[in-house]
Amino acid sequence: MEYDFRAIEAQWKKYWNDNKVYKVTNESDKPKCYVLDMFPYPSGAGLHVGHPLGYIASDIYARYKRLSGYNVLHPMGFDAFGLPAEQYALETGQHPAVTTEKNIARYREQLDNIGFCYDWDREVRTSEPKYYKWTQWIFLQLFHSWYNRKENKAKPISELIGIFETEGNINHACPGDESLQFDAAAWKIYSEKEKRECLMQYRIAYQGYAQVWWCEALGTVLANDEVVNGVSERGSHPVERKNMRQWFLRITEFAERLIDSLDKLEWSDAMKEMQKNWIGKSNGAEVRFSLTAEQSGENSITVFTTRPDTIFGVDFMVLAPEHELVDAITTADQKQAIDEYKTYVKTRSERERMSEVKQVTGCFTGAYAIHPLTEKQVPVWISEYVLAGYGTGAIMGVPSGDERDHAFAKYFGIPITNIFGDRYNGEEAYSAKAGTIENSGFLNGMNIPDATDAAINALVKAGVGKKKVNYKLRDAGFSRQRYWGEPFPVMYVDDIPYGNDEPIIHNDHKLGSLPVELPYVESYKPGPEGQGPLANIADWVTTEAGQRETNTMPGYAGSSWYFLRYMDPGNETEFASRKATDYWNQVDLYIGGTEHAVGHLLYSRMWTKALHDLGHIGFDEPFKKLLNQGMIQGSSRFVYRETGTKKIVSAGLRRQFEVDAVRVDVSIVDGLELDIEAFKKWRPEYADSEFILEDGKYICGAEVEKMSKSKYNVVNPDDIVAQYGADTFRMYEMFLGPIDVSKPWDTKGIEGVHRFLKKMWRLYADDAKGWIVTDEKATDAELRILHKTIKKISEDIGRFSFNTSVSQFMICVNELSALGCHKREILEPLAVVICPFAPHIAEELWQKFGNNGTVVAASYPAYEERYVAENSKMYPVAVNGKTRAEMEFALDADQAAIEAAVLADENIVKWMEGKPLKKFIYVRGKMINVVV
RNA sequence: GCGGGCGUGGUGAAAUUGGUAGACACGCUAGACUUAGGAUCUAGUGCUGCGAGGCUUGGGGGUUCGAGUCCCUCCGCCCGCACCA
């Protein structure tokens with residue numbers, strides 16, 4: 001009876017599927033465990049061996065938890081809306097729904113091939129109306145709410161209207177426009193339009209204006225990554241910034257909480273750090289500088305600074321070239337220079353600004369600002385090093401304390417005020433945050449924290465500044481001028497946007513119900529004026545109630561809450577019942593790649609907080625533990641062609657020729673040996689190649705790089721599964737190394753794991769004799785091996801060290817084979833222990849033991865210390881730290897007895913070379929060291 | 001530049017709390033069985049030396065009876081952010 005993995009795996013896959021073995025219920029007495037994978041975008045290329053790495057790890061964890069008595073939710077679905085499908089539709093005319101469906105079917109087939117324990121009855125697809133109905137519903141909840149900074153939570157907008165009616169906005173500063181102030185009387189006489197516009201400035205999902213990349217030639221708006229080197233990626237057409245009305249999510253209101261609650265998450269430090277950097281909190285002050293009377297009128301410049309303590313060191317001001325005040329304050333004789341500089345800045349792509357070496361540029365506006373404390377006049381400049389999108393788009397230049405300001409002042413010959421005494425040497429800014437402030441009026445002699453407080457107090461007292469926390473985080477753009485995404489449940493009446501669930505839309509027209517289905521289109525061409533394709537469908541856009549919103553939602557809309565839908569996927573009246581979300585609660589383990597470090601994870605956290613604040617779910621963080629899997633890199637193969645000839649030279653001989661390295665498909669190379677016949681057929685140009693061999697073989701060169709189609713190094717899991725089986729594939733992926741580290745794929749190495757499974761099979765069955773398991777009593781040695789393995793595997797799974805688990809299985813099988821063990825007492829529990837890793841073979845063996853039902857329902861065997869406990873140990877005995885002998889002692893032996901025995905040992909005596917004993921170190925259970 | 005991580009045989013790696021460095025595999029070498037081997041099994045395999053032994057975890061230094069592990073310093077690689085005020 002051979003290990004016929006093909007027959008075994010096919011049989012059990014069918015059994016699991018037919019009997020819905022992995023179906024999970026929301027009703028259980030068992031403790032719950034939620035194990036989640038980041039769901040994939042189903043691309044046309046299918047899965048390669050790198051993709052399932054995390055899925056295998058989570059599957060092992062889920063199966064282990066299930067064997068350990070948990071009710072485990074382990075679902076899978078598809079992030080099915082997205083740009084590539086739409087792009088493909090534009091090129092081929094095939095509807096994205098059709099290609100997406102096809103790609104999902106292929107993904108599903110590939111996933112099933114690997115033997116995952118997903119409950120497919122819970123599958124979600126973000127592009128299906130029954131799913132995006134609830135994405136739209138959540139959008140409406142965000143639209144109908146505002147962020148109450150006093151209570152630090154999202155609240156219904158109706159509450160805010162009540163507040164406005166009694167007290168205006170006096171206690172609730174407007175996040176969209178800090179200068180907006182009105183009282184109850186003013187609110188009451190606002191028109192409907194004015195009221196709605198005001199509320200819009202508070203809503204969590206709101207409309208504002210933002211710049212997008214507009215491409216005239218393509219007639220469409222482009223995503224950031226579709227713009228390369230300042231031109232469109234497709235066709236290299238010129239692009240320009242265009243201001244468009246867009247939807248946003250007011251994630252900045254959540255910034256503080258998004259930082260604070262990172263503390264309670266079990267995420268890697270790197271991941272938490274990335275989130276913190278992205279949010280980019282900095283403490284400082286906002287300071288208002290008025291301008292001299294001549295050219296300014298009422299204008300003033302507000303800056304943000306993290307160093308208010310350096311206020312006396314201000315020698316100039318810099319505005320971003322895009323700053324709205326630039327034109328107003330520029331003097332007549334500087335106007336031409338400023339216009340020229342602004343034109344120059346427009347030609348600078350972001351890429352240029354990033355990659356170019358530091359070079360100081362800028363232009364004087366002719367205007368002067370008045371220092372709020374000293375009344376000194378300082379010149380106002382513009383420069384590209386000040387970014388419009390950060391802080392207030394304006395800075396105060398403190399050359400003695402900031403490197404960039406210093407370079408700027410030096411370059412343009414602006415006199416530098418020293419506020420650091422000897423620590424500023426005139427050559428380099430003193431930017432360290434240590435020592436005292438000098439030459440600064442009332443701040444003289446203060447250390448930095450004290451000076452910061454004193455400066456802010458003085459600015460507040462003078463009415464020109466305040467303490468301020470600034471965030472790098474921007475509100476999230478939530479509009480896309482695209483077809484293949486969720487339509488907004490929004491209509492415009494008199495150009496005022498209303499949610500479809502509001503009475504004005506809902507009452508008379510029955511248009512309020514969700515979902516707003518994505519209409520079928522014949523053409524995916526963009527609409528007029530940079531609008532999306534939906535704008536072309538006039539009779540969809542225009543309804544009895546109003547004009548529909550023609551933007552669609554971005555890719556992250558559906559993925560920001562999908563983990564909630566899995567809990568209650570069939571629910572037609574709610575996004576998920578409170579009962580279901582209370583039961584499953586947070587995701588206990590979330591596995592995915594680091595590419596979603598900020599986007600997806602930040603948005604999901606925000607949506608969870610908002611839904612929590614509004615009372616829809618009982619937790620405010622979605623993912624308790626996050627594990628990032630490393631990438632599996634490709635191992636490319638090269639052949640070497642002598643330049644300009646048809647000679648293909650083997651790697652070992654290539655130095656003797658002048659050669660070009662050419663990538664060759666890894667599927668026609670065995671290890672490093674090229675299949676010459678297959679190579680000749682691979683490309684017609686190689687059919688008549690001449691080969692220069694070494695030892696009769698053609699040896700390829702190798703290099704580790706990213707796995708990708710263009711490098712011919714993609715390995716398809718289907719091929720590996722066909723050749724070695726899913727169990728071998730699963731274990732080999734884990735055996736490659738730690739889950740969170742990137743490592744290259746090596747198809748050759750899989751043989752070792754495959755041999756291991758065959759060797760394990762031979763413990764249970766013999767090729768000739770068939771099933772050979774006996775009921776003999778196990779020996780102590782056999783029980784020790786088993787229990788050591790039980791212990792090691794559960795410890796390893798607990799710390800996600802799956803590679804060492806696979807090693808332990810190999811050690812276990814090697815040792816049992818050496819002992820000739822074929823005993824049920826050992827082998828039946830072993831089949832359960834390996835089930836999370838190799839479920840098919842485990843299932844087959846379990847059934848052959850005569851068990852009814854599936855091994856999935858078995859219990860992970862209990863570890864018993866008594867089988868593993870030893871009462872003596874072979875100690876390494878060192879002299880001066882170098883191991884010189886091994887001696888066995890009882891674990892409870894006392895030091896005196898050991899010392900006597902060791903010092904009497906002739907080998908030890910020899911190494912002591914007659915020197916006197918200085919110290920005798922004995923660490924029980926570890927080692928012995930004799931110091932002379 | 002800032003932040004995070006990493007560096008161990010020919011290769012993937014192990015060493016969980018400072019306690020025998022290189023487990024477990026791949027590859028390689030030799031052998032057994034075989035019509036055959038890309039099956040299976042046995043032995044060997046960090047470097048060096050005939051040997052006893054010596055050396056060895058990117059380089060240098062330190063703490064310690066003892067360091068891959070802790071500290072300092074330098075070098076190299078990877079990831080993230082980047083004229084961030």
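Every chain is numbered from 1 and lettered A, B, ... according to where its sequence line falls, protein lines coming before strand lines. The shown structure was predicted, so the numbers you read here are calculated from the model rather than taken from an experiment. These numbers come from the heavy atoms of this one structure, side chains and all, not from hydrogens, waters or symmetry mates.
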Verify the distance criterion only: is there a donor paired with an acceptor across the side chains of A:Tyr430 and A:Glu428 at less than 3.5 Å?
no

Whole-Å gap separating C1' (B:rA82) and CD (A:Glu403)
14 Å

Rounded to whole angstrom, note down the C1' distance from B:rC28 over to B:rG9.
13 Å

Taking atom types as modelled, find out whether A:Thr804 and A:Ser801 have a side-chain donor-acceptor pair closer than 3.5 angstrom.
yes

Measure from CZ on A:Phe756 to P on B:rG12 and round the result to the nearest Å.
23 Å

I'd like to compare against my own output: the B/S/- annotation of nucleotides 17-33 of chain B with a strict under-4.0 Å heavy-atom distance to protein.
--BB--BBSSS------

Backbone N or O of A:Ile419 within a donor-acceptor pair of the A:Ser440 side chain at under 3.5 Å?
no

Could you state the CZ-P distance from A:Arg404 to B:rA82, rounded to the nearest angstrom?
14 Å

Would you indicate which nucleotide in B:rA13, B:rG38, B:rA15 comes nearest to any side-chain atom of A:Arg799?
B:rA15

Just the atom pairs and distances: protein N or O near nucleotides 79-81 of chain B's N or O, under 3.5 Å.
residue	atom	partner	partner atom	Å
B:rC81	O2'	A:Lys472	NZ	3.3

Using a 4.0 Å heavy-atom cut-off across all strands, classify A:Lys910 as base, sugar-phosphate, or nothing.
nothing

Taking 4.0 angstrom as the limit, do A:Asp670 and A:Lys748 come out as a salt bridge?
yes

Which of the following nucleotides, B:rC65, B:rC41, B:rA85, is nearest to the side chain of A:Lys919?
B:rC65

Could you check whether A:Lys919 and A:Asn929, counting side-chain N and O atoms only, form a donor-acceptor pair closer than 3.5 Å?
no

Tell me the interatomic distance from A:Glu428, atom CD, to B:rG1, atom P, rounded to whole angstroms.
13 Å

Is A:Lys758 salt-bridged to A:Glu2, going by a charged N under 4.0 Å from an acidic O?
no

Assigned glycosidic conformation for B:rG49 [threshold 90° from 0]
anti

Just call it for A:Arg884: base, sugar-phosphate, or nothing, with non-hydrogen atoms closer than 4.0 Å on any strand.
sugar-phosphate

If you assign each of A:Met396 and A:Asp269 to its closest nucleotide in RNA chain B, which residue comes earlier from the 5' end?
A:Asp269

According to a strict under-4.0 Å criterion, is A:Lys758 in side-chain N/O contact with OP1 or OP2 of B:rU40?
yes

Does any donor atom in the side chain of A:His406 or A:Tyr424 lie under 3.5 Å from an acceptor atom in the other side chain?
yes

Over 60° means perpendicular and under 30° means parallel, so tell me whether A:Phe412 and A:Trp381 are parallel, tilted or perpendicular.
tilted

With side chain to side chain donor-acceptor pair (under 3.5 Å) as the criterion, how do A:Asp405 and A:Tyr385 come out once you've worked through the C-alpha distance, each side chain's angles and the decisive distance to 0.1 Å?
CA-CA 10 Å; A:Asp405 295 348; A:Tyr385 85 90; 2.8 Å; yes

Atom CZ of A:Arg288 and atom P of B:rA85: how far apart are they, to the nearest Å?
23 Å

P atom, B:rG22 versus B:rG31: distance in rounded Å?
29 Å

Contact class for A:Lys882 (heavy atom, under 4.0 Å): base, sugar-phosphate, or nothing?
sugar-phosphate

Residues A:Asp475 and A:Thr252: side-chain donor-acceptor under 3.5 angstrom
yes

Check whether more than 12 heavy atoms from other residues, nucleotides or ligands sit under 6.0 Å from atom CZ of A:Arg924, and answer yes or no.
no

Atom CG of A:Asn628 to atom C1' of B:rG4: distance rounded to whole Å?
13 Å

In this structure, how many angstroms lie between the C1' atom of B:rC84 and the CG atom of A:Asp405, rounded?
12 Å

Side chains of A:Arg730 and A:Thr728: is there a donor and an acceptor less than 3.5 Å apart?
no

What stems involve RNA chain B, if each pair must be Watson-Crick or G-U and both of its distances must be under 3.5 Å, with 3 or more such pairs in a row?
B:1-7 with B:75-81, B:10-12 with B:24-26, B:27-32 with B:40-45, B:46-48 with B:53-55, B:58-62 with B:70-74

Tell me the interatomic distance from A:Asp796, atom CG, to B:rA15, atom C1', rounded to whole angstroms.
12 Å

Whether A:Arg755 engages the ring of A:Trp761 as a cation-pi pair (distance to the six-membered ring centre under 6.0 angstrom, angle to the ring normal within 45°) should be assessed.
no

